[in-house]
Number of protein chains: 2
Amino acid sequence: MSESTGTTVLVLGSDPPPKLDRLAGRARVIFADESSLAGLLPTADVLLAWDFTSDAIRAAWPREGPRPRWVHTASAGVDRLLCPALIADDTIVTNARGVFEQPIAEYVAGLVIAMAKDFYGSWELQRQRRWQHRETLRLAGTRAVVVGSGPIGRAIGTTLLALGVKVDLVGRRERAGDPQFGLVHPSDALNDLLPQADWVVCAAPLTDATRGLFDRAAFARMPPRARFINVGRGPLVVEDDLVEALRGWRIAAAALDVFEREPLAADSPLWDVPHLIISPHMSGDTLGWRDALAEQFQDNFDQWSAGKPLHNVVDKRLGYVPVQ
Amino acid sequence: MSESTGTTVLVLGSDPPPKLDRLAGRARVIFADESSLAGLLPTADVLLAWDFTSDAIRAAWPREGPRPRWVHTASAGVDRLLCPALIADDTIVTNARGVFEQPIAEYVAGLVIAMAKDFYGSWELQRQRRWQHRETLRLAGTRAVVVGSGPIGRAIGTTLLALGVKVDLVGRRERAGDPQFGLVHPSDALNDLLPQADWVVCAAPLTDATRGLFDRAAFARMPPRARFINVGRGPLVVEDDLVEALRGWRIAAAALDVFEREPLAADSPLWDVPHLIISPHMSGDTLGWRDALAEQFQDNFDQWSAGKPLHNVVDKRLGYVPVQ
């Protein structure tokens with residue numbers, strides 16, 4: 001019998017995971033929704049934040065008494081669950097690193113090409129049944145600034161490099177001698193990089209240091225040809241400032257997959273801002289993703305049961321899994 | 001004085017090239033439109049087919065008497081100018097190999113990702129101000145059949161490989177030991193490759209052997225998940241058969257950049273076929289392309305003037321520049 005016998009796994013989520021069958025006989029699995037979470041947290045050894053869009057954990061995390069020793073979130077970002085009490089205690093937090101990188105990199109590459117080649121213009125012309133040849137942008141040789149040097153930012157950068165784009169990767173602190181990107185720029189280099197950018201891609205974690213990073217001043221540093229893409233978290237961008245930059249032709253276009261408030265309300269003014277492409281927080285969500293997330297949690301549960309180190313341990317003070 | 005003094009260069013095109021200044025003092029440059037072409041051809045040593053969409057050369061090529069010794073076309077395909085008389089005589093034909101490969105490869109990669117990630121669905125939902133999350137396709141690990149093993153097909157294949165797609169390249173004849181693709185499949189292998197394809201990309205030259213290659217039988221060989229892209233020439237596809245395949249859900253989607261008749265008429269039924277993306281023959285035409293084409297012709301004129309071998313010599317019987 002493993003030492004985890006008697007372990008209680010609490011799953012937060014109205015849609016339960018597709019299957020947690022590898023836990024059968026090894027753990028008691030109970031389910032919580034946002035209203036029952038606070039009452040059940042003291043009974044659980046492990047919390048699986050399956051509904052990663054919920055802010056309930058932050059509100060319900062016990063300030064004293066029994067609590068889960070391990071929290072796993074089925075997302076890359078941990079901004080929705082970290083709170084001072086959880087940061088302060090010795091509960092381990094792990095994330096879904098490994099599931100979303102490649103899909104998000106593909107998605108961003110597609111957006112970049114779609115904007116370079118004016119697919120949106122072609123589609124509108126098709127609706128109007130109009131044949132109107134245009135000259136578009138050659139991607140190779142253009143320059144991208146990718147903000148976020150974690151696995152997602154790196155995958156985006158790698159994919160853009162493969163398309164012939166010059167990539168400047170920006171992280172929290174400078175790292176020299178990166179095998180793929182040479183120098184990883186520190187965050188305070190961003191201001192000097194933005195004026196040269198054809199593409200600015202935001203894939204940073206949401207932390208106190210990055211909230212509102214893309215504001216009026218940042219958009220003013222970009223050249224008029226710049227296109228901005230956010231696949232990180234909504235609050236990294238000051239949406240009003242982006243709208244102002246687009247309406248004032250300060251930058252050429254933007255694509256948002258994440259928003260300050262999700263889902264975006266039907267009456268949001270964002271839907272019809274010119275040159276703004278909107279998608280519903282789906283850049284990383286490819287067919288089978290929920291199965292992959294459930295497998296990943298169970299792999300980590302195997303580690304936990306065997307008393308081995310967990311994978312994807314978040315540095316709770318930084319707010320992400322540090323790159324080695 | 002070079003031996004080309006006294007050379008007459010005839011340019012076919014209503015929009016003349018941006019600049020042919022490197023010919024100044026070295027050649028007499030005269031211009032023809034479709035109606036004056038036949039009368040001027042006997043006076044020219046060199047013909048520049050700048051308007052590469054015209055069929056006029058085929059009709060006007062002299063069957064006897066003086067004629068250009070060299071024809072350069074500002075396009076990759078030579079299907080519009082080759083005719084039995086031109087094939088039979090010793091006039092050299094050169095093309096624009098080198099200008100379009102990378103832009104077309106980028107364009108195709110963009111279409112592939114746009115279809116994988118349902119950008120078109122997202123755009124329609126944005127118009128309707130609807131937030132509707134969907135799971136989309138992970139590109140890496142899917143399989144593409146690229147028909148056409150010339151420089152454009154190879155560039156498309158290389159770009160898809162970089163995105164993690166498995167690529168089967170199909171040429172006229174089998175070539176083993178290709179450094180990038182391993183085996184280049186012969187054309188008669190196509191039938192066996194189509195059933196495994198997630199993506200079928202047509203980038204073949206238009207010749208007697210390839211005309212109508214993608215017909216009802218070919219679409220029937222593709223699986224229902226297949227998406228078809230044509231960036232070659234319109235008549236490679238039997239358009240009615242493609243429409244039937246799309247309307248009958250035999251394949252999932254298609255994108256056409258080239259058509260049997262261009263420009264596509266406003267009343268063409270193609271404009272609103274479901275899951276058919278239409279663009280106006282622009283996949284290779286990036287900003288500065290006309291300058292690049294003019295430079296390329298002038299580079300070859302330097303070769304001609306110096307009595308050196310011309311670049312990009314078309315095998316007139318094959319209908320393209322053979323890959324070494």
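Being a predicted model, the structure only gives us computed values, none of them experimental. In what follows, every chain begins at residue 1, and chains take the letters A, B, ... in the order their sequences are listed.
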Under 3.5 Å, sequence neighbours excluded: what are the donor-acceptor pairs made by side chains of residues 149-156 of chain A?
unit_1, atom_1, unit_2, atom_2, d
A/Ser149, OG, A/Arg175, NH2, 3.3
A/Arg154, NH1, A/Asp178, OD2, 2.7
A/Arg154, NH2, A/Asp178, OD1, 3.1
A/Arg154, NH2, A/Asp178, OD2, 3.1

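In this structure, the side chain of A/Trp50 does not engage the main chain of A/Ala74 through any donor-acceptor pair within 3.5 Å. Between the side chain of A/Glu34 and the backbone N or O of A/Gly13 there is no donor-acceptor pair closer than 3.5 Å.
Taking every heavy atom of both residues into account, A/Ala76 and A/Asn95 meet most closely at O-ND2, 2.9 Å.
With salt bridges taken as basic N to acidic carboxylate O contacts below 4.0 Å, none links A/Glu295 and A/Arg290. Using a 4.0 Å cut-off between charged nitrogen and carboxylate oxygen, B/Asp198 and B/Arg227 do not count as a salt-bridge pair. With respect to A/Arg129 and B/Asp272, a salt bridge is recorded, a charged nitrogen being found less than 4.0 Å from a carboxylate O.
For chain A, the nearby part of B/Ser268 is the backbone; its heavy atoms alone come within less than 4.5 Å. Heavy-atom distances place the backbone of B/Gln132, and not its side chain, under 4.5 Å from chain A. Within the 4.5 angstrom heavy-atom criterion, only side-chain atoms of B/Thr159, from C-beta onward, approach chain A. Heavy-atom distances place the backbone of B/Arg130, and not its side chain, under 4.5 Å from chain A. Only the side chain of B/Trp289 comes within contact range of chain A, with at least one heavy atom under 4.5 Å from a heavy atom of that chain.
The distance between the ring centers of B/His281 and A/Trp131 does not fall below 6.0 angstrom.
Ranked by heavy-atom pairs under 4.5 Å with chain A, the first of B/Gly121, B/Ala162, B/Ala266, B/Gly164 is B/Ala266. When A/Ser283, A/Ala265, A/Ala140 are compared by the number of non-hydrogen pairs under 4.5 Å with chain B, A/Ala140 comes out ahead.
In this pair, A/Phe214 and A/Phe228 present their aromatic rings tilted. The plane angle is within the 30 to 60° band.
When the heavy atoms of residues 104-119 of chain A are compared with those of chain B, the residues falling under 4.5 Å are A/Glu106, A/Tyr107, A/Ala109, A/Gly110, A/Leu111, A/Ile113, A/Ala114, A/Lys117, A/Phe119, listed by number.
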